[in-house]
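See structure below.
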Amino acid sequence: MENKNENNLEESKTSLNFIEQIIETDLKNGKNESRVHTRFPPEPNGYLHIGHAKSICLNFGMAEKYNGLCNLRFDDTNPTKEEVEYVDSIIEDVKWLGFDWGDRLYFASDYFDQMYDLAVELIKKEKAYVCDLSAEDVSAMRGTPSQPSQASPYRNRSIEQNLDLFARMKAGEFPDGSRTLRAKISLDSPNMQMRDPAMYRIRHAHHHRTGDKWCIYPMYDWAHGLEDSIEKITHSLCTLEFENHRPLYDWYLNEAEVYRPQQIEFARLNLSYTVMSKRKLLELVQEKQVSGWDDPRMPTISGMRRRGYTPESLRAFSDRIGIAKRNNVIDVALLEHNVREDLNKRAKRVMAVVDPLKVTIKNYPVGQVEELEAVNNPEDESAGTRMIPFSREIYIEREDFMEDAPKKFFRLAPGQEVRLRYAYFIKCDEVVKDSSGKVVELICSYDPDSKGGKSPDGRKVKGTLHWVDAHHNIEAQVRVYDRLFTVSDPDGDKEKSYKELLNPDSLSIIEKAFVEPSVKNAAVLSYFQFERLGYFTVDKDSTDSKLIFNKTVGLKDSYSKENKN
RNA sequence: UGACCCAUAGUGUAAUUGGCAACACGUUUGAUUUUGGUUCAAAAGAGUCUAGGUUCGAAACCUAGUGGGUCAACCA
């Protein structure tokens with residue numbers, strides 16, 4: 001084991017992803033005074049998802065690894081889509097993931113004045129002009145990758161006229177959409193980004209930070225490079241779809257004659273059985289397909305937090321998926337592996353019965369209650385032990401009993417003996433059914449010498465069941481989640497929209513589960529392992545009188561897997 | 001259709017930069033086990049998209065092809 005860890009350490013030393021290779025080369029060459037300064041630049045138009053977590057871990061991770069800095073910067077250049085609610089949620093999520101931006105919380109909108117001044121400079125250099133064309137006209141004149149664009153009739157306005165018009169745009173003299181400021185770059189570049197892209201558009205909209213100060217707002221390409229430049233970012237990491245924008249990024253910074261960070265693109269994360277676009281997630285929220293952005297089925301950071309994922313597990317996941325330029329789809333099983341790995345070490349074990357079947361132990365004294373000692377976490381001795389009440393009537397899991405059991409069924413069946421964890425061996429003597437033939441109760445007998453679950457005579461008992469006392473317990477609601485979509489690639493279906501592929505059974509609510517008394521005052525988001533069932537966390541909908549648990553993920557289950565095939 | 005990017009076990013990422021493919025997840029098998037969990041041990045699974053070329057030697061470099069992705073918003 002030690003050897004393995006050493007190997008992994010060595011590997012993480014020598015095996016660098018392509019961004020680390022670039023950074024190390026830059027460091028070696030003394031580029032940017034050998035600084036590393038990154039940034040995570042979300043647009044506050046939605047909640048962060050696991051794909052953002054990858055980017056957050058990358059940006060903050062690179063800064064950490066190379067003794068640099070990472071800023072949190074809101075790219076808030078479009079007031080019609082952005083809201084403070086999103087700003088707040090993003091701050092909470094990044095913090096929860098465990099990253100610290102110090103005092104470097106920035107907003108693109110804080111730079112609007114500088115951006116405006118620089119745009120004026122471009123006009124003076126005849127590198128930008130005010131265009132009166134409508135969006136439709138521009139689109140119609142755009143041409144195609146192989147056919148050049150038609151020049152805007154306003155392309156050759158005088159500097160003075162451009163200056164005047166741009167100032168009046170800013171002053172609010174023109175209605176929305178009536179004019180834009182455009183960069184004067186090319187009419188026939190095969191890269192469509194370079195065909196006189198818009199730099200400013202008119203939007204008489206209230207901005208969450210600048211209020212009504214502005215009615216013109218910078219476009220992404222113009223704004224983003226300047227934001228990076230102003231913050232002296234060294235490596236501006238973004239996703240692949242901005243690859244075609246890089247020449248424009250460079251052109252703007254070059255023409256603005258300002259410090260030029262290096263844009264590097266990497267492949268965004270895709271996860272099987274879910275969607276990762278903010279637009280689609282927004283639709284699920286707005287159409288009430290889910291309870292909100294933090295619905296535990298959502299791939300959002302807030303949803304996963306509520307589901308019971310730990311920040312450590314998300315960070316470990318991010319490390320393991322790697323960074324590259326190849327389009328990828330990560331198997332959710334890897335994500336689930338990472339939570340289990342973390343929770344296995346940390347979660348307090350507890351017994352809960354989710355689908356109760358009553359068991360009466362006929363030879364156990366009526367009215368007697370014993371307190372039995374149970375281990376809190378076999379992976380962590382310091383977690384200690386606790387006492388669990390046991391009496392004549394208990395509940396076991398319905399699926400732990402079978403009347404006609406196959407040979408490899410190590411659980412309860414007529415005549416078969418099992419161990420009740422930490423309690424006693426019991427044997428099933430009698431099956432009680434209701435008029436419809438449904439099993440409603442089991443009559444069993446116990447071996448008093450097997451107290452604690454120990455075999456009194458060395459006899460082997462293969463099965464161990466979890467249980468909860470029928471009288472000393474807590475009733476709880478349990479919410480069990482399945483994948484949100486029925487297919488592994490909901491975006492990939494040509495016929496059906498992702499909404500038609502939603503899993504109708506992604507949420508099942510168990511109103512009446514029984515949990516052992518020790519969880520009584522469990523705090524929201526505290527996590528447990530319900531033995532043999534999986535990991536669970538306390539939902540925020542819980543009240544003083546009713547606990548609600550979310551199932552984070554089940555335990556690995558080689559038994560039921562075997563039986564599916 | 002033009003430009004740009006990408007191509008390595010089922011999935012993802014490596015290969016100390018040209019020296020005969022490794023790690024993780026997943027899968028399977030066995031051992032241990034008072035969780036059919038954990039842990040431990042092992043196995044199967046690619047010869048690196050194709051075809052040429054350079055080289056003593058290519059997953060890596062070159063050319064062409066094929067397949068996939070991105071771009072033609074006054075979104076980011």
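Each chain gets a letter, A, B and so on, in the order the sequences are listed, and its residues count up from 1. Note that this is a predicted model, so its numbers are computed, not measured.
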Treating primed atoms plus P, OP1 and OP2 as sugar-phosphate and everything else as base, which nucleotides of nucleotides 65-73 of chain B get B, S or - for protein heavy atoms under 4.0 Å? ----SBSBS

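Partners of F112(A) under the ring pair (Phe, Tyr, Trp, His ring centres under 6.0 Å) rule, at least two apart in sequence or in another chain, are H207(A), W214(A), Y217(A). In this structure, R349(A) has no salt bridge (charged side-chain N to carboxylate O under 4.0 Å, His left out) partners at least two apart in sequence or on a different chain. Judged as a ring pair (Phe, Tyr, Trp, His ring centres under 6.0 Å), and not counting sequence neighbours, the contacts of F166(A) are Y116(A), Y200(A). Listed by chain and number, the residues in a ring pair (Phe, Tyr, Trp, His ring centres under 6.0 Å) with H208(A) amount to none (sequence neighbours excluded). Under the side-chain hydrogen bond (donor to acceptor under 3.5 Å, both in side chains) criterion, E531(A) pairs with R421(A), not counting sequence neighbours. Every residue meeting the side-chain hydrogen bond (donor to acceptor under 3.5 Å, both in side chains) condition with D221(A), not counting sequence neighbours, appears here in chain and number order: H245(A). Judged as a side-chain hydrogen bond (donor to acceptor under 3.5 Å, both in side chains), and not counting sequence neighbours, the contacts of R168(A) are D164(A), E173(A).
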Would you write out the dot-bracket form of RNA chain B, 5' to 3', with Watson-Crick and G-U pairs under 3.5 Å, [ ] for crossing pairs, | for pairs to other strands and . for unpaired bases? .((((((..((((.....[..)))).(((((.......))))).....(((((..]....))))))))))).....

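Stacking between Y220(A) and the base of A76(B) is absent under the criterion of ring centres within 5.5 Å and planes under 30 degrees.
Contact check, K556(A) against U38(B): a side-chain N or O comes under 4.0 Å of OP1 or OP2.
No donor-acceptor pair under 3.5 Å is formed between the side chain of R157(A) and the backbone N or O of N162(A).
You won't find any donor-acceptor pair under 3.5 Å spanning the side chain of R340(A) and the base of U38(B), going by distance alone.
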